[in-house]
Amino acid sequence: MWVADFETLLDSEGAANINPTATRDEQLANIRAIYPPDKEHLGALAIEIALRKVAREGQPAGLDGPASAPSG
């Protein structure tokens with residue numbers, strides 16, 4: 001999802017979904033410390049990442065639950 005600025009990104013996605021250990025204002029200050037206003041003006045992109053299970057030999061990989069490594 002593309003949004004116009006960092007405030008809209010945090011408000012639409014929910015700050016706790018982006019970084020549950022920092023407040024919305026902390027996250028906004030942190031991202032603005034990295035990206036100056038001319039970069040923020042370009043907009044922001046939100047992406048979702050899903051963890052995948054590692055397939056064991058002969059089994060398909062799944063999309064639900066945490067990733068797990070094969071036992072050695």
Side-chain angles (χ1 to χ4, degrees):
M1 170 179 75
W2 181 88
V3 294
D5 56 38
F6 300 140
E7 287 191 64
T8 304
L9 174 70
L10 290 169
D11 292 341
S12 64
E13 294 298 314
N17 292 325
I18 297 170
N19 180 356
T21 65
T23 67
R24 177 194 179 278
D25 291 338
E26 289 170 332
Q27 291 183 57
L28 189 57
N30 290 340
I31 199 163
R32 284 185 170 156
I34 298 168
Y35 298 102
D38 62 318
K39 297 293 183 184
E40 181 176 0
H41 179 73
L42 298 173
L45 180 65
I47 59 170
E48 182 177 348
I49 299 172
L51 296 176
R52 293 190 63 160
K53 291 181 180 178
V54 175
R56 294 182 185 237
E57 191 171 328
Q59 296 179 348
L63 291 176
D64 57 336
S68 60
S71 58

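Computed from heavy atoms alone, side chains included, the values below leave out hydrogens, waters and symmetry copies.
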> Any chain of hydrophobic side-chain contacts (each under 4.5 Å) joining Leu28 to Ile34?
Replying inline: yes
> Mind checking what makes side-chain contact (heavy atoms from CB on, under 4.5 Å) contact with Asn19, not counting sequence neighbours?
Replying inline: Thr21, Ala22, Gln27
>> Restricting to side-chain hydrogen bond (donor to acceptor under 3.5 Å, both in side chains), what partner residues turn up for Glu13, sequence neighbours left out?
In response: none
> Minimum heavy-atom separation for Trp2 to Leu45, with atom names?
Replying inline: N-CD1, 4.1 Å
> Do Asp5 and Thr8 have a side chain donor and acceptor closer than 3.5 Å?
Replying inline: yes
> Distance-only, no hydrogens or angles: does the Glu40 side chain make a donor-acceptor pair with backbone N or O of Arg32 under 3.5 Å?
Replying inline: no
> Could you state the interatomic distance from CD1 (Ile18) to OG (Ser12), rounded to the nearest 0.5 Å?
Replying inline: 7.0 Å
>> side-chain contact (heavy atoms from CB on, under 4.5 Å), that's the test. Do Glu7 and Arg24 meet it? Break it down for me.
In response: CA-CA 9 Å; Glu7 287 191 64; Arg24 177 194 179 278; 3.2 Å; yes
